[in-house]
Amino acid sequence: MNPEIRVRFAPSPTGYLHVGGARTALFNWLFARHHGGKFILRIEDTDRARHHEDAVQVIYDGLRWLGLDWDEGPHADGPHGPYFQSKRETIYQRYADQLIAAGRVYADENGALRFRLPRQPLAFDDMVCGRIEVDRSKSQNREGELEADMTIRRADGGWIFHFVNVVDDIDMRITHVIRGEDHLSNTAKHIELYQALGVEPPRFGHIPLILNKDGSKMSKRDTGASITSYLDGGYVPEAVLNYFCLLGWSPKDDREIMPREEIVARFDLANVNRKGAHFDLAKCDWFNAQYLQQMPLERYRELSAPWLAKAGVALPAGQLDAVLALEKMKVTHLTEVPERVAFFATEDFPYEPVAVEKTLGKPGALDRLAQLAECYAGVEPFDAVTLEAKLKELATTLAVKPAEFIHPARVAVSGRSVGPSLYHMLEVLGKERALARIARTRREFAA
RNA sequence: GACCCUAUCGUCCAGUGGUUAGGACACUCCCCUUUCACGGGAGUAACACGGGUUCGAAUCCCGUUAGGGUCACCA
């Protein structure tokens, strides 16, 4: 435990939250929670054509959905605000003045403020990548010229990312900078800025990037790239979080399905890979199904509710749990829930044409339904065990296979050829509704 | 082009000098079974290449190749 530890997630409000960004946030959050430190959210809206509330909201929504709560930041305040770069103008000016006074910056011919790069060899110990040594005197650009001095303020007065990023981290007392590997090469410049400002640099940890499964760079449009697609795709936040944390990190044993508390307890930056991870939505889906299967029915009901409401499927409160439980083991995405249980909600459910053709259309199917209905009319209690026994007894008596009753019955009471266990489905339906549905089916498909 | 990072099954993750190279997803097959799933069992499948070091390298070193990243008055 080290309450002095302060880490931050500093996204730019681009209107969407990328998986890579979410995982960076997650690793920062895990690091903070593991050590009992602080997790800070800072919005890097420098320059960005003003501040779009909608774009920022996407970040809040994604983080909150994943359960990554921040100790300081928008809506949380804190002693080192404001937490929007667009509101930190005077702070940047103060640090820039310090650099000017020290003779470390100069105005170029266009009026922009530039930081004179030291161009000395430099080394640092990255918490993930190990020791990084760079000879800054050799850095050159594409034209083979020496790398230009870094601009920290545009001619129009706008502040540049590298500068404000460092200033904010200093000002907010950030102790550990955990960010994407795309910043590894920028770190030398950042350290030079820290040194020019007379501040001890924080510890850095650069985590690998997330790529598409084929290894290509993940862009906004790629499957699974946007966190919003998980909110909209029927994913369970704890499952997604579990999958994400295993992209680049491993507890070093065979544990995969781990509750959040265990991940927090075991998370260690030293165990983070340096290799870029290829994103595999199929495995993420598997995690989702596993979480759905294993979660308590109460949680499942809570997560299903919005999807049922959105689809307009209204189940009677008294039956809700029984109905949901019927298909809980089979669901991969919550989006499937409404279609799987919709037929419970109305006696006027539609019949799937292929199901009708495959079963009801077969010779004798309607007769079997009549026989089954007659048999079930006297069944008591009307529960799965009894119904199964009675159906099999009937089949034996008539010397036909149970399947001859089962398949037509399934379609008769649900309109579908796939669905829950027939007997459990009948039990939940109850004798009255079950028999009424069979009667309706016989009526509709009578030749 | 310069500099930096990386390289184990298709994918994720183990394995840090001696293993039949392990687990998971996906895929194939079998079992279970009233459908669809779940579950159980089995199987296919990897150390990028070339040099070293060593009695012995997936593991250490060098090179090659490949992939990624940074070199903005973007963040």
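Labels below follow one simple rule: chain letters A, B, ... track the order of the sequence lines, proteins then strands, and each chain is numbered from 1. Both backbone and side-chain heavy atoms feed into the values below; hydrogens, waters and symmetry mates do not.
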Would you mind writing out the side-chain donor-acceptor pairs for residues 391-401 of chain A within the sub-3.5 Å range, not counting sequence neighbours?
residue, atom, partner, partner atom, Å
A/Lys392, NZ, A/Glu388, OE2, 2.7
A/Thr396, OG1, A/Lys392, O, 2.8
A/Thr397, OG1, A/Glu393, O, 2.8

A/His407 NE2 to B/C36 P, in whole Å, measures 8 Å

May I ask you to verify whether the side chain of A/Lys330 and the base of B/C36 hold a donor-acceptor pair under 3.5 Å?
yes

Could you tell me how the ring of A/Tyr376 sits relative to the ring of A/Phe382: parallel (under 30°), tilted (30 to 60°) or perpendicular (over 60°)?
perpendicular

Mind checking salt bridge (charged side-chain N to carboxylate O under 4.0 Å, His left out) for A/Glu147 and listing every partner two or more places apart, or none if nothing turns up?
A/Arg136, A/Lys189

Taking the P atom in each of B/C61 and B/A75, what is the distance between them to the nearest angstrom?
39 Å

Measure from CD on A/Glu256 to P on B/A26 and round the result to the nearest Å.
11 Å

Inter-nucleotide C1' distance (B/G69, B/C25), Å rounded
28 Å

Taking only the P atom of each, what is the distance from B/A7 to B/A58 in whole angstrom?
16 Å

Across all strands, who's sitting opposite B/G39 as a Watson-Crick or G-U wobble pair, both distances under 3.5 Å?
B/C31

Indicate whether OP1 or OP2 belonging to B/U8 is found under 4.0 Å from a side-chain N or O atom of A/Lys275.
yes

Ignoring backbone atoms, test whether A/Asn141 places a side-chain nitrogen or oxygen under 4.0 Å from the OP1 or OP2 oxygen of B/C3.
no

So, is A/Arg154 near the phosphate of B/A75, with a side-chain N or O under 4.0 Å from OP1 or OP2?
yes

From CZ of A/Arg340 across to C1' of B/A37 the rounded distance in Å is 7 Å

